[in-house]
Each structure stands twice: as C-alpha cells, then as structure tokens.
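Treat the numbers as computed from the prediction; the structure is a model and nothing was measured. Keep in mind that the numbers below use all heavy atoms, side chains included, and drop hydrogens, waters and symmetry copies. Every number for a ligand or one of its atoms is a count from 1 in the order of the listing.
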Amino acid sequence: MAESLVTEELLYEEKPLYVPPLQELKEIIQSALTKNFENVTVEVGDCPDLTDPFYGLLSSGLGGSPVLLEVGGPPFLLPLVQRSKVYNVKEIVQKALPGKGKLLAIGAGAGPFPLRNTNCEGIFNMAIDEQGTLKNGSYTAKVHGAEEVCVLERIPDSDPRCALLLNLYISRGAPGPVVKVKCSKRTGEQNFVECVRKGLESHYKDQCVGMGGIFVLKKGAAHQHVMRDFSKTPLQSEEELNEWLKFYNMPAQLNAVGTLLTNEHGLDLRLQHFHSFSKSNWGGHYHHDTTPDEAEYEAYLNVAERVVRVDRPLESHQIGRD
Ligand SMILES: [Zn+2]
C-alpha cells in the first residue's frame, strides 16, 4: 500500500474559526430554513446516538474539539488527474486532532482509487480508538459496467486511504449538544446544505463559521453524482466536468456526511461538501433533492473550532466545487 501513498512532507496550515453559541446558530439556521421549507423545527439538544443503524456512524456523537479538515482539492482532479495524490486519512486525522482520546472523522472526498482500480467517490466514516486502531465504516461509490450502475462498497478496516480531495468533520465522537434540524416540504430553490450555509454567511459576513455532521434525507429522492473513471482528455470547464460526471436520481433513505463553511478563510477552502451512503447500492455527492413536496430532512450539526488545511493545491481554480 505504501508505494501508492503521497510520501513527501505534506503542508499543514491551520486557522481558528469563529465559534458562535449553538443557540445563536439555531436561530439563524431556523430562519434560513423557514424561507426554503414549509415545516421546520430547529433546536439545540443532545445528539441522538449516531451509532444507531438508522444513522450508521461509528461514534455516538459529534462532540469534543471539533475541527474541519480539507485535504487536496479539485485542482488535483482537473483538468487531468494527479495519480500521486493518495493520502493516509488516518495519519492526517491523528495529526489534525492530536492528543489523547478516540476520534471520529466523517465527510466527503475521493475514494482510494487503487483499492477499486477505478476512480470513485469516498463517503468517510472512520473511528480511531485510543490505541490508534482504525475502524473503517467508509464507503466508495463507483460507476460500474456498460450499464453504468452505481455500486456502493464498504472500505475495509485495513485501508486508511483517500485520494485527491477530502473534506472531513473531526471530533472525539463524544455525546453532547448539537443543532438538531427537522424540515420537510421544500418551497424554495436552495438545496438543504446551501440554505443553511447561506443563512450563516449572510449573518456572519467576514467571520468564518464552519459546521459539520450528518443529514438524512428520509423521504423523496436526490440528484447526486458519482465520478466516472478518470478522464483521459482534460476537463477544462464546468460543462465538460458535468458531462464526465455520472448523475443519478437516488431514492431515500440517504445518509449524508460532510462540512460547510461561510467563506474560504484565505485557505482556498471548499464551502460545502456532503456525500451520502445508503443501505442499498446508492451513494454519492449530494446536489439537491428532486422531490420538493416529499422531501424530508433530519440533521445533526456541530460548530467547529478551527480548520486544518493539508496539501493545499498551489495552483488553484474554481471548477468542480458545486
Ligand atoms: Zn463530492
């Protein structure tokens, strides 16, 4: 495995985030969602046990020194893939949140293509115990065969890798207070994540606020993409990228994990990124639900204290950040 990992010393950068009280975030999120959904309840309270099979995470909560992590970025995928960009997520997570205690890392990125012998989405759900042992509840989603079916597969405990780009919410996975959201019947144009994020952005302006966690699309369906295998021709525009991506209308239940931020914070950060898994063959990158009348969301989000940026692409662009 080692030969396919990035071996040079990776650049780590870090900045504090602005951390508003959960009660204040609750008010802002509630008012943003009310403009976009008919039924909305937002409260601050103890996180439900996220190891319940309904949620499927590897730790019960989202508490304990929460940090957002971004590794790499779309410039390593586009216009052409940089195959050397395979990372050891476990090591990076341990370095991003050092010290004693277990770790939960959840979020969205590119899956370890050497494992599948093809490019794939990564839906990350990793727990590292106090001894440093990785339990990997992550998945890859890939486009398979001539029929281009979506295939969702578990990543084994023995594989700690991702590729190219990654956005994680990391914490001790401890129980504790979170912002709890329930909303249904979408009446506006914004997708769930965008609505929360833009609400925060318009309130906090230049102060950078970051959140992460899980949302469940309980009813309806969602427009989601899965990356096809690496393009052999350079992808130069958003249009060429969208031709290359395979889009599906995936039915609920979809459990999405990821991060959102109000601005790039001088670190060239991706502002929102959620990937979902399911109990069927479906998994991929969330864009929006396709069933406004039926759509029903349940979410648990916590606010991060800082952001860690690893291996920031030195030549960047804005393609592929939707
Ligand atoms: Zn994605």
Checklist entry - What protein N, O or S atoms come within a distance below 2.8 Å of the Zn ion (ligand 1), ordered by chain and number? => result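 Atoms qualifying: His273 NE2, His275 NE2, His285 ND1.
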
Checklist entry - So, is the end of the Lys232 side chain (NZ or CZ) under 6.0 Å from the ring centre of Phe230 and within 45° of the ring's axis? => result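 Output no; distance or angle outside limits.
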
Next on the checklist: Counting the benzene-type ring for Trp, do Tyr286 and Phe192 have ring centres under 6.0 Å apart?
Outcome noted: no

Item to check | Of Thr291, Asn36, Asp289, the residue whose pairing with Arg186 passes side-chain hydrogen bond (donor to acceptor under 3.5 Å, both in side chains) | outcome: Asp289

Next on the checklist: Test of understanding: with ring-ring contact (aromatic ring centres under 6.0 Å, His included), list the residues that count as partners of His287, not counting sequence neighbours.
Outcome noted: His223, His225, Phe247, His285

Checklist entry - Ion pair present between Glu296 and Lys219, side-chain N to carboxylate O less than 4.0 angstrom? => result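 Lys219 and Glu296: salt-bridged.
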
Checklist entry - Does a donor on one side chain and an acceptor on the other come within less than 3.5 Å for Gln253 and Asn255? => result yes

